[in-house]
Peer 1: 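Before I ask anything, here is the structure I am working with.
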Amino acid sequence: MVQDLIKEQLSLSLQKLYGATLSAEDISIEQTSDDFEGDFTFVVFPFLKISRKNPEQTANDIGSELLVQTELFASFNVIKGFLNLIVKEQIWLDFISKEVHNSSFGFIEPNINEAVLVEYSSPNTNKPLHLGHIRNNLLGFSVAQILKANGHKVFTCNLVNDRGIHICKSMLAWMRFGNGETPDSAQLKGDHLVGKYYVIFDKHYKKEIEDLIASGHTEEEAKKNAPIILAAQELLLKWEQNDPETIAVWEMMNNWVYAGFEKTYQKLGVQFDKYYYESNTYLLGKEIVQEGLETNVFYKKENQSVWIDLSEDGLDQKLVLRGDGTSVYITQDLGTAELKYNDFNCNRSIYVVGNEQDYHFKVLQKIAQKLDKPYADGIFHLSYGMVELPEGKMKSREGTVVDADDLIATMEETAAETTKALGKMEGESDSELQNLYHTIGMGALKYFLLKVDPKKKMMFNPAESIDFQGNTGPFIQYTHARIKSILRNAGEINALSFDSSKVQLSKIEKNLLVKLYQYPLVIKEAGKDLSPGIICNYVFDLAKAYSSFYHDHQVLNESNLDQRALRILTCKLTAQVIQSGFGLLGISVPEKM
RNA sequence: GGUCUCUUAGCUCAGCUGGAUAGAGCAACGGUUUUCUAAACCGUAGGUCGAAGGUUCGAGUCCUUCAGGGACUACCA
């Protein structure tokens, strides 16, 4: 990369002028801001102590030295302590000639030794997926792609929370009020049907609480002693005792849900290398608890419950096993962590889980470290913020959720309406159009969710539908479609080349080439931060740079054939990078729209 | 109460390890199409970066305090 060459040269210059012994890695340069002329900027303020001259003089000295020393630069200018370097145009021209034929431009060579496991999605099986789950799924999928692009061997898994009191609630409601209803008989996706009974349960539960309070009980008592919640708890107990009838209902309803989830996953375009089910793994952690007791990492209280004291680490005392010997959440996670390590042997394990569980994962990692687990340091909680609605947080029980399937359908409808209104796709077949609507609708939704920094909570206002203009997925998809249209009309382009001495770069053209040039760095940065948002911002900038270029420059009608070839190749690489970048986000790009 | 986290334009968000005059999109206003897709392009307007101190040649970015939001702090998962 040019940046590296420049740093080396700067290191040499500083050595020569001031006797400074700085390696290239110690030197940082930045992109020159748009308001100034130049490609790269070197800030000299930190070096005034060794130059013992004023900022301008120092920058000029270094600039002059660089010009004699290397062929890289065309010129430089100095403003205050900022040395702006302009590299020779040939650099950019060589770059496009070379990379336009590289189909994996920007990707790092795979390295088998750097295996990473990404766990994401991890739904409960008592209700359908909502907008928050979509964010989780898209993040997990995208992060996995980004890590692959960074050369890691990546596995993905989904830990399904298929057991517990919440499922029993849906089961109980269905057993009491369902009259044998099935997804087929109700004409409802399985996950929605099960979710329906979760809501029914809650309705009855609330009613019973009200009645109890009316008859003189406190709210707390009422919540604990409502007959229906007691019945649900009894059902859980039966489940744990392997009662055949209970297990049968549980399996049936879970299978309904899985069939429903599968459809949603398909629409979202996510998939997993392996599914884990808590019903299979929830007992595993107990062995680890035993192990920790033997090494005195854990201790037992009088009532036989097992704890760990993390107060020295700034955390609290934490229960790891109940007095009756049943496991809690952390027990299961310890077991699952061990299992995942045995299955995949990854030195890094990323958990894509909401930030409400920050504390839980701190505890999990701490415990693993105290137990000297080889995977302890590799545990990483990719914590993302909640999606909030204008009226606050989403709550399934209260019905204030944006349902995943509904939202996807709405996005596709909007895409269809917009496409029809523009009337550019007349004459295409129905199946192609359906595909296109899906591509555009999902493009809008995915981009909308991924462009926000994962760590931050985000706002979604259902009343204002997701935009298709400006900084959006469809705008970038549209940019791609326009390029493809040019390329279709350009004829044979694979053998195309140009003579650099016969072309000239306008400011806009150069800007576009420089943007393309940055793609590999962007992939690295996104990989380091595990942030799809970085890719979004970059691809948007690229699309904008291209749109400017497209508006101001003719491609196919350019009479200078070398210039024409250069522009066609620039178009080609731009389309390639848009497609590649969007691929990292799980968004596809249409040929026409 | 304690721990963590967030606060940038009317709205939704960018702002890389501290660097030049804080940027986009939407919304508002104005302009651009006989020429490769106007889901586009160009422009105008919009800001004490929550507040106050501090560190630094330089702070939206680092530190402290405060204010306001959110999460967590269960023998729930």
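Protein chains get the first letters and strands the later ones, always in sequence-line order, with residue 1 at the start of each.
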Peer 1: Can you tell me, in whole Å, how much space there is between the C1' of B:rC63 and that of B:rG18?
Peer 2: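 Approximately 13 Å lies between the C1' atom of B:rC63 and that of B:rG18.
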Peer 1: Please list each protein N or O that sits under 3.5 Å from an N or O in nucleotides 20-31 of chain B, with the distance.
Peer 2:
unit_1	atom_1	unit_2	atom_2	d
B:rA20	N6	A:T41	OG1	2.8
B:rA20	N6	A:N84	OD1	2.9
B:rA20	N1	A:N84	OD1	3.3
B:rA20	N1	A:N84	ND2	3.3
B:rG25	O2'	A:N471	N	3.2

Peer 1: Please tell me if A:K528 has a side-chain N or O lying less than 4.0 Å from either OP1 or OP2 of B:rC16.
Peer 2: no
Peer 1: Does the side-chain contact (heavy atoms from CB on, under 4.5 Å) test come out yes or no for A:K484 and A:K592, once each step is laid out?
Peer 2: CA-CA 7 Å; A:K484 284 301 175 132; A:K592 298 180 194 171; over 6 Å; no
Peer 1: Quick one: are A:I466 and A:T410 in side-chain contact, heavy atoms under 4.5 Å?
Peer 2: no
Peer 1: Would you mind classifying the nucleic acid contact of A:T326 as base, sugar-phosphate or nothing, using non-hydrogen atoms under 4.0 angstrom?
Peer 2: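 A:T326: no heavy atom of the nucleic acid under 4.0 Å.
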Peer 1: Hey, which sits more toward the 5' end of RNA chain B by its nearest nucleotide, A:Y478 or A:P454?
Peer 2: A:P454
Peer 1: Any idea how A:F549 and A:Y546 line up, ring-wise: parallel (<30°), tilted (30 to 60°), or perpendicular (>60°)?
Peer 2: tilted
Peer 1: By the 4.0 Å heavy-atom rule, please label A:P55 as base, sugar-phosphate, or nothing.
Peer 2: nothing
Peer 1: Please state the P separation for the pair B:rC29 and B:rG69 - nearest whole angstrom.
Peer 2: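 Their P atoms lie roughly 35 Å apart.
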Peer 1: Mind listing the side-chain donor-acceptor pairs of residues 320-331 of chain A below 3.5 Å, one per line with the distance, residues two or more places apart or on another chain?
Peer 2:
unit_1	atom_1	unit_2	atom_2	d
A:R322	NH1	A:T326	OG1	2.8
A:R322	NH1	A:S327	O	3.3
A:D324	OD1	A:T326	N	2.9
A:D324	OD1	A:T326	OG1	2.7
A:S327	OG	A:Y282	O	3.0
A:Y329	OH	A:Q357	OE1	2.7
A:T331	OG1	A:V320	O	2.5
A:T331	OG1	A:V328	N	2.9
A:T331	OG1	A:V328	O	3.1

Peer 1: Taking atom P in both B:rA24 and B:rC62, compute the distance separating them and give it to the nearest angstrom.
Peer 2: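 The same atom, P, in both gives a distance of 24 Å.
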Peer 1: In Å and rounded to the nearest 0.5 Å, what is the CD1 to NZ distance from A:I483 to A:K572?
Peer 2: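 Nearest 0.5 Å value for the CD1-NZ distance: 12.0 Å.
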Peer 1: Looking at side-chain heavy atoms only, is the closest gap between A:N355 and A:K455 below 4.5 Å?
Peer 2: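 In short, these two side chains do not touch, never coming nearer than 4.5 Å.
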Peer 1: Of the candidate nucleotides B:rC41, B:rC36, B:rA77, which contains the atom at the shortest distance from the side chain of A:H166?
Peer 2: B:rA77
Peer 1: Taking only the side-chain heavy atoms of A:E278 (C-beta and beyond), determine which of B:rG19, B:rA14, B:rA77 contains the nearest atom.
Peer 2: B:rA77
Peer 1: B:rU21 and B:rG15: how far apart are their C1' atoms, nearest whole angstrom?
Peer 2: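 B:rU21 and B:rG15 have their C1' atoms separated by 15 Å.
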Peer 1: Just the rounded figure in Å: distance from P of B:rC36 to NE2 of A:H480.
Peer 2: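 Going from A:H480 (NE2) to B:rC36 (P), I get 20 Å.
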Peer 1: Would you check, one step at a time, whether the test ring pair (Phe, Tyr, Trp, His ring centres under 6.0 Å) holds for A:F361 with A:Y351?
Peer 2: CA-CA 9 Å; A:F361 280 100; A:Y351 294 75; 5.0 Å; yes
Peer 1: Between atom CD in A:E464 and atom P in B:rG10, what is the gap in whole Å?
Peer 2: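 Spelled out: CD on A:E464 to P on B:rG10 is 16 Å.
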Peer 1: Starting at CD1 of A:I493, measure out to CD1 of A:I486 and round the result to the nearest 0.5 Å.
Peer 2: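 Separation between the atoms: 11.0 Å.
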Peer 1: Please measure how far the P atom in B:rA38 lies from the corresponding atom in B:rA22, and state the result in whole Å.
Peer 2: 34 Å
Peer 1: Only counting residues at least two apart or in another chain, list the ones meeting salt bridge (charged side-chain N to carboxylate O under 4.0 Å, His left out) with A:K528.
Peer 2: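 Counting only residues at least two positions away or on another chain, A:K528 forms no salt bridge (charged side-chain N to carboxylate O under 4.0 Å, His left out).
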Peer 1: Side chain of A:R482: nearest nucleotide among B:rU37, B:rG19, B:rC16?
Peer 2: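 Given the options B:rU37, B:rG19, B:rC16, the side chain of A:R482 is closest to B:rU37.
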Peer 1: Select from A:V452 and A:K301 the residue whose nearest nucleotide in RNA chain B is closer to the 5' end of that strand.
Peer 2: A:V452
Peer 1: Please classify the nucleic acid contact of A:L321 as base, sugar-phosphate, or nothing, using heavy-atom distances under 4.0 Å.
Peer 2: nothing
Peer 1: Pairing donors with acceptors under 3.5 angstrom, does anything connect the side chains of A:D309 and A:Y299?
Peer 2: no
Peer 1: What's A:V43 touching, base or sugar-phosphate or nothing? Going by heavy atoms closer than 4.0 Å.
Peer 2: base
Peer 1: Please determine whether a side-chain nitrogen of the Lys or Arg among A:K362 and A:D358 lies less than 4.0 Å from a carboxylate oxygen of the Asp or Glu.
Peer 2: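 Salt bridge absent between A:K362 and A:D358.
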Peer 1: So if I take every side-chain heavy atom of A:S547 and compare against B:rA77, B:rC41, B:rA14, which nucleotide ends up nearest?
Peer 2: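 Of the candidates, B:rC41 comes closest.
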Peer 1: Please give, in whole Å, the distance from B:rC11 P to A:N461 CG?
Peer 2: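 Answer to the nearest Å: 13 Å.
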Peer 1: Which value, in whole Å, describes the distance between the C1' atoms of nucleotides B:rC26 and B:rA20?
Peer 2: 29 Å
Peer 1: Taking B:rU5 as the reference, what is the distance to B:rG47 when you measure between their C1' atoms (whole Å, please)?
Peer 2: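 So the two C1' atoms sit 25 Å from each other.
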Peer 1: Could you tell me whether A:E426 and A:K420 have a side-chain N and a carboxylate O separated by less than 4.0 Å?
Peer 2: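 Looking at A:K420 together with A:E426, the answer is no, because their closest N to O distance does not fall below 4.0 Å.
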Peer 1: Give a yes/no answer on whether the side chain of A:S28 brings an N or O atom under 4.0 Å of OP1 or OP2 in B:rU17.
Peer 2: no
Peer 1: Would you mind reading off the distance between A:L450 atom CG and B:rC13 atom P, rounded to a whole angstrom?
Peer 2: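 That distance rounds to 14 Å.
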Peer 1: Using a cut-off of 4.0 Å on non-hydrogen atoms, how would the nucleic acid contact of A:D324 be classed: base, sugar-phosphate, or nothing?
Peer 2: nothing
Peer 1: For ring pair (Phe, Tyr, Trp, His ring centres under 6.0 Å), just list the numbers for A:Y519 and A:Y538, CA-CA rounded to whole Å, side-chain angles, deciding distance to a tenth of an Å, and then say yes or no.
Peer 2: CA-CA 8 Å; A:Y519 185 49; A:Y538 167 76; 5.6 Å; yes
Peer 1: Are any of the side-chain heavy atoms of A:V44 and A:S51 separated by less than 4.5 Å?
Peer 2: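 Side-chain contact under 4.5 Å: no.
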Peer 1: Using the six-membered ring wherever Trp is involved, compare the ring planes of A:F448 and A:F460 and label them parallel, tilted or perpendicular (cut-offs 30° and 60°).
Peer 2: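 Answer is perpendicular, since the angle exceeds 60°.
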Peer 1: Please list, pair by pair, any protein nitrogen or oxygen found under 3.5 Å from a nitrogen or oxygen in nucleotides 45-47 of chain B.
Peer 2:
none

Peer 1: To the nearest Å, how far apart are A:D552 CG and B:rU32 C1'?
Peer 2: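 Result: 11 Å.
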Peer 1: Rounded to the nearest Å, what distance is computed from the CE atom of residue A:M459 to the C1' atom of nucleotide B:rC11?
Peer 2: 10 Å
Peer 1: Identify which nucleotide among B:rC13, B:rC16, B:rA77 has an atom closest to any side-chain atom of A:Y329, counting heavy atoms from C-beta outward.
Peer 2: B:rA77
Peer 1: Identify all pairs in which a protein N or O lies below 3.5 Å from an N or O of nucleotides 69-73 of chain B, and state each distance.
Peer 2:
none

Peer 1: Can you give the dot-bracket line for RNA chain B, where a pair is Watson-Crick or G-U wobble with both atom distances under 3.5 Å, crossing pairs use [ ], and | marks a partner on another strand?
Peer 2: (((((((..((((.....[...)))).(((((.......))))).....(((((..]....))))))))))))....
Peer 1: A:R322 side chain N/O closer than 4.0 Å to the phosphate oxygens (OP1, OP2) of B:rC76?
Peer 2: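 Yes, within the criterion.
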Peer 1: Any side-chain heavy-atom pair from A:K544 and A:F475 closer than 4.5 angstrom?
Peer 2: yes
Peer 1: Send over the distance from A:N557 CG to B:rU35 C1', rounded to a whole Å.
Peer 2: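 Rounded to whole Å, this separation is 6 Å.
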Peer 1: Just verifying a value: how many Å separate A:Q317 CD and A:W307 CH2, rounded to the nearest 0.5 Å?
Peer 2: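 Rounded to the nearest 0.5 Å, the CD-CH2 separation comes out at 7.0 Å.
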Peer 1: In whole Å, what separates the C1' atom of B:rU56 from that of B:rU73?
Peer 2: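 Between the two C1' atoms, the distance is 38 Å.
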